[in-house]
Amino acid sequence: TTDLGEACYGLGQTLQALGEHEEANIAFHKSLQAYRTSFGLQDPRQLPALKALVARLDLMVQMVMVEQVLVELWELAELP
């Protein structure tokens, strides 16, 4: 239902703000599932949850890239 989708999305936002990113992802996915089950795959009510997941994935990619750069810097610092 709309209420369940909205509740899961709101929970995801709260968890994300608290830094609980994995739990936030689960809540956003549950929001998507609620909307898609009730209204179909093309329903626009799922867009906020989809955007939140995309933003989270973008952040994860950035974190991996930063980690790679830090490893390279560490390796350079260890050179004689």
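- Within the 4.5 Å cutoff, the side chain of V54 has no heavy atoms near those of the L50 side chain.
- For the pair L15 and I26, the minimum side-chain heavy-atom distance is 4.5 Å or more.
- Scanning for side-chain hydrogen bond (donor to acceptor under 3.5 Å, both in side chains) contacts around E22 gives an empty result, with sequence neighbours left out.
- Across all non-hydrogen atoms, the minimal contact from C8 to K30 is SG-CB, 3.8 Å.
- Formation of a donor-acceptor pair under 3.5 Å by the S31 side chain with backbone atoms of A27 is not found in this model.
- Here the rule is side-chain contact (heavy atoms from CB on, under 4.5 Å) with F39, and of T37, D43, L41 only D43 fits it.
- Residue R36 holds its CZ atom at 9.0 Å from CD of Q42, rounded to the nearest 0.5 Å.
- More than 12 heavy-atom neighbours from other residues, nucleotides or ligands sit within 6.0 angstrom of CD on Q13.
- For the atom pair CD (E23) and OG1 (T14), the distance works out to 13.0 Å, reported to the nearest 0.5 Å.
- Within the model, atoms NZ of K51 and CG of L53 stand 13.0 Å from one another, a figure rounded to the nearest 0.5 Å.
- F28 has its side chain out of reach of R56: every pair of non-hydrogen atoms, C-beta onward, lies at least 4.5 Å apart.
- For the pair Y35 and R45, the tightest heavy-atom approach, listed with the atom from each and the gap, is CE1-O, 3.4 Å.
- Distance alone, capped at 3.5 Å, places no donor-acceptor pair between the Y9 side chain and the L32 backbone.
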